[in-house]
Amino acid sequence: MIVVNGVSISDAQIQAEVARHQNDADPVQRAGHELVFRELLLQRARELGLAQDGDDAAIQAVLAAEVKTPVADEASCRRYYEQNADRFVSGALVEVWHILFQLTPRVDPQRLRARAGEVLQELHRAPPDAFADYARQYSNCLSAQEGGRLGDIGRGETLPEFEETVFAMPAHTLLNRLVQTRHGFHIVRTGRKVDGSLMTFEAVHERIAAWLAQASERRATHQYLQWLVGQARIEGVDIAGADSPLLQ
């Protein structure tokens with residue numbers, strides 16, 4: 001049981017929350033942290049007189065009132081554009097095969113990762129044409145029927161962490177590590193790659209500004225939650241707190 005400023009969070013509430021965090025390294029810990037943050041925000045809403053129709057609305061009202069994030073100026077956007085030019089290439093394609101070891105609520109993530117790692121080691125010792133057979137045998141994706149082939153993938157067509165990895169890989173390569181996404185653990189192989197052309201800054205300015213704003217909001221929200229933790233009396237779970245909001 002967790003207690004937040006005298007308010008109890010039951011083990012049953014924690015177990016119910018765990019199902020939402022199966023992809024985390026420690027789902028129980030993450031569930032506990034999320035419930036603590038939620039309780040702190042609801043308590044803060046009452047302190048500020050921001051009670052709304054429902055808990056979610058109250059939480060959003062607190063964040064809107066107390067978490068301030070700066071708007072990205074053109075210089076910041078241009079600096080991001082120059083430092084991440086590979087993200088703004090139009091027409092780039094990479095041919096991808098994968099083997100998915102799917103995470104589900106009843107699967108132990110550590111055991112699943114270990115098994116995926118064993119299969120990856122086997123593949124590195126096997127001939128290249130063995131990948132399709134392994135995909136048919138092990139993959140939990142519909143692409144298993146096609147030997148794991150996902151086809152040609154362009155920018156923005158898949159999960160960011162998956163996209164970043166496959167576009168950074170050389171052509172015709174079996175990655176020497178697993179790729180983790182919210183779906184599970186992937187063994188990844190690339191085929192041919194097609195170079196694209198760099199889009200102009202003007203064409204992507206608004207997109208970059210939105211990305212930077214979202215990143216700034218996430219940082220500021222995290223800092224604000226740390227500040228709430230630092231002001232609270234919390235029992236039953238360890239969470240790092242801060243003495244000041246540290247808002248940008």
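Nothing fancy with the numbering, it's 1 onward along the sequence. Keep in mind that this is a model prediction, so the values were computed, not measured. These numbers come from the heavy atoms of this one structure, side chains and all, not from hydrogens, waters or symmetry mates.
Of the possible polar contacts, none joining the Lys193 side chain to the Pro170 backbone as a donor-acceptor pair under 3.5 Å is found. The closest donor-acceptor contact from the side chain of Gln43 to the backbone of Ala232 lies at 3.5 Å or more, if one exists at all. For the pair Thr173 (side chain) and Thr190 (backbone), a donor-acceptor distance under 3.5 Å is absent. In this structure, His186 contributes its side chain and Gln102 its backbone to no donor-acceptor pair below 3.5 Å.
Ion pair Arg44/Glu47 flagged as a salt bridge, since at least one NZ, NE, NH1 or NH2 atom sits closer than 4.0 Å to an Asp/Glu carboxylate oxygen. Looking at Arg30 and Glu34, a side-chain N of the basic residue comes within less than 4.0 Å of a carboxylate O on the acidic one, giving a salt bridge. A salt bridge links Arg38 to Asp56: one of the charged nitrogens lies within less than 4.0 Å of a carboxylate oxygen.
Between Trp211 and Phe88, the angle of the ring planes stays under 30°, which puts this pair in the parallel group of the 30/60° scheme. Taking the six-membered ring for Trp and thresholds of 30 and 60 degrees, Tyr81 and Phe201 have ring planes more than 60 degrees apart, a perpendicular arrangement.
Heavy atoms of other residues, nucleotides or ligands lying less than 6.0 angstrom from CD of Glu163 number more than 12. Dense packing is recorded around CD of Glu118, with more than 12 heavy atoms of other residues, nucleotides or ligands lying under 6.0 Å away.
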Margin query: I'd like to know whether Leu35 forms a side chain to side chain contact (heavy atoms under 4.5 Å, CB included) with Ile2, so could you lay out the CA-CA distance, the side-chain angles of the two residues, the decisive distance to 0.1 Å, and finally the verdict.
Written below: CA-CA 9 Å; Leu35 290 171; Ile2 299 172; 5.9 Å; no
Next item on the list: Test Arg87 against Glu164 for side chain to side chain contact (heavy atoms under 4.5 Å, CB included), laying out the working first.
Entry: CA-CA 9 Å; Arg87 292 177 176 266; Glu164 182 177 354; 4.1 Å; yes
